[in-house]
Amino acid sequence: MSSMQVTKANLSVMGTDSNHFPKDNLPEIVFLGRSNVGKSSFINSLTGRNKLAYTSSNPGKTQTLNFYNINDYLYFVDVPGYGYARVSKKQREAFGKMIENYLTTRKKLVLAILLIDFRHQPTEDDCLMYNYLKYYHIKTLIVGTKLDKVGKTLYNRHEKQIKSTLDFSNADLFVKYSSVTNQGKDEVWKIINQIVNEH
């Protein structure tokens, strides 16, 4: 099955707590990852929109939970990136609390997509986030970003390294992805559709 035809994609809600979040009961997919992992580019690539999510050379721009309505079918939920040093400790704690509240209380959350830079071993923050998702039994898709920057002969080695560092669970899913070439896009949409249809 090919990618979903995205005819509607707009930022419908920006908020910091559940009073602000959508009330229309569409399924939600949350995007998590380090500040410079390519989250905005990934969302733009999936939706076929160049400027839906804000890409910036200054990581750490997202400071709210941003809900993107996709075809009145589901929400993509973009949250502040983690591991960004220039955000104050107090602000990082506030982001952490906001994300934790969302992940542990949101009934419509059907999938977490955790982005890991495919070129590098996952960081301690990546491992903490993945363990957190496992602890709360949140279905997770790991997406290895920036695939176009890795030679094909190294794909298996990099995937193995990421999975062993994370202690990857076979209950979860893994896709290699390039926002430049859109490699992996059909696979990600197939997983999204399957999970949304199960709910």
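With a 6.0 Å radius and a threshold of 12 heavy atoms from other residues, nucleotides or ligands, Lys23 has its NZ atom above the threshold. Shown here is Glu198, whose CD atom has more than 12 heavy atoms of other residues, nucleotides or ligands within 6.0 Å.
Remark: Lys8 pairs with Asp72 by the salt bridge (Lys or Arg N to Asp or Glu O under 4.0 Å) rule, at least two apart or across chains.
Between Phe67 and Phe21, the ring-plane angle classifies as tilted under the 30° and 60° cut-offs.
Among residues at least two apart or in separate chains, side-chain hydrogen bond (donor to acceptor under 3.5 Å, both in side chains) pairs with a member in residues 134-153 are Asp148-Ser178. Annotation: salt bridge (Lys or Arg N to Asp or Glu O under 4.0 Å) contacts involving residues 100-117, sequence neighbours excluded, comprise Glu28-Arg106, Asp117-Arg119.
For the residue pair Tyr130 / Asp167, no side-chain donor-acceptor distance below 3.5 Å is found, with atom types taken as modelled. For the residue pair Asp126/Thr123, the side-chain donor-acceptor check at 3.5 Å is satisfied.
Asp172 places none of its side-chain heavy atoms less than 4.5 Å from the side chain of Leu114.
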Problem set entry | Residues Phe31, Val143; criterion side chain to side chain contact (heavy atoms under 4.5 Å, CB included); working and verdict | CA-CA 10 Å; Phe31 294 78; Val143 169; over 6 Å; no
Problem set entry | Phe76/Leu52 under side chain to side chain contact (heavy atoms under 4.5 Å, CB included): CA gap, chis, key distance, verdict | CA-CA 11 Å; Phe76 282 173; Leu52 180 65; 5.8 Å; no
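Atoms CD and CE, on Glu93 and Met98 in that order, are 13.5 Å from each other to the nearest 0.5 Å.
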